[in-house]
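Step one of this worksheet: look at the structure below.
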Amino acid sequence: MKVLPHNDFEEDSGVVLQMVSFQLGDEVFAIDILGVQEIIRMLDITQVPNAPHYVDGVVNLRGKVIPIINLRARFGLTGTEPTKDTRIVVVEVAHMILGFIVDSVEEVLRLSEECIETPPPTGRGGAEECHKGVGRVNGSLVLLLDLERLFSNRTF
């Protein structure tokens, strides 16, 4: 994981957000680094009967049992087998600790608020309902996710 240099944006650009970016298929997503507790390699996951299709199960992480969400399934993407780059991002959302599986963790991004735009509606649901915005980074677009909406009680 690398950190983009400070000079990727203007010095007087105002508020700078630090985001952890990760890959799901061909798309790059990012979440606020303040919500991330840790990033770990894949663990053995214990399945939970009658869980939603996107909940792979639970893991024991240093004595705490935490649910593991498969973001590919949550967003309606085709599943893949874990690789050496597959990671579990452990976050705290609404006083609950959980993990979600990503294809790979990319880097820590430093984004000026001026580089973030409201995402256009696509009418497809899925990840769109959880978008916080779209960031422009080195000519590419990064979809910024809102963890509160992504893992709210109504969707989890």
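No experiment lies behind these values; they were computed from the predicted model shown.
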Closest non-hydrogen atom pair, [X] against [Y]:
{"X": "Arg136", "Y": "Leu141", "value": "CG-CD2, 3.7 Å"}
{"X": "Leu109", "Y": "Ala30", "value": "CD1-CB, 4.5 Å"}
{"X": "Val91", "Y": "Val36", "value": "CG1-CA, 4.1 Å"}
{"X": "Ile97", "Y": "Gln37", "value": "CD1-OE1, 3.7 Å"}
{"X": "Val102", "Y": "Leu71", "value": "CG1-CD1, 4.3 Å"}
{"X": "Ile101", "Y": "Leu24", "value": "O-CD2, 4.0 Å"}

Run the salt-bridge test on Arg87 and Glu38 with the 4.0 Å N-O cut-off and return the result as yes or no.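 Looking at Glu38 together with Arg87, the answer is no, because their closest N to O distance does not fall below 4.0 Å.
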Does a side-chain N-to-carboxylate-O contact under 4.0 Å join Asp103 and Arg72?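 The answer is yes: the pair qualifies as a salt bridge.
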Are the side chain of Gln23 and the backbone of Gly25 linked by a donor-acceptor contact shorter than 3.5 Å?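 Checked: pair present.
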Polar contact flag, side-chain donor to acceptor under 3.5 angstrom, Ser104-Glu106: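 Result is yes, a qualifying pair exists.
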Steps toward ring-ring contact (aromatic ring centres under 6.0 Å, His included) verdict (Phe29, Phe75): CA-CA 12 Å; Phe29 296 86; Phe75 293 159; 5.5 Å; yes
Roughly how far, to the nearest 0.5 Å, is CG of Leu17 from CD1 of Ile31?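 Between Ile31 CD1 and Leu17 CG, I get 13.0 Å after rounding to 0.5 Å.
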How many angstroms lie between CG in Asn60 and OG1 in Thr46, if you round to the nearest 0.5 Å?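 The distance works out to 8.5 Å.
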Less than 4.5 Å apart, any side-chain heavy atom of Val48 and any of Asp56?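 When only atoms from C-beta onward are counted, Asp56 and Val48 do not touch, as no gap falls below 4.5 Å.
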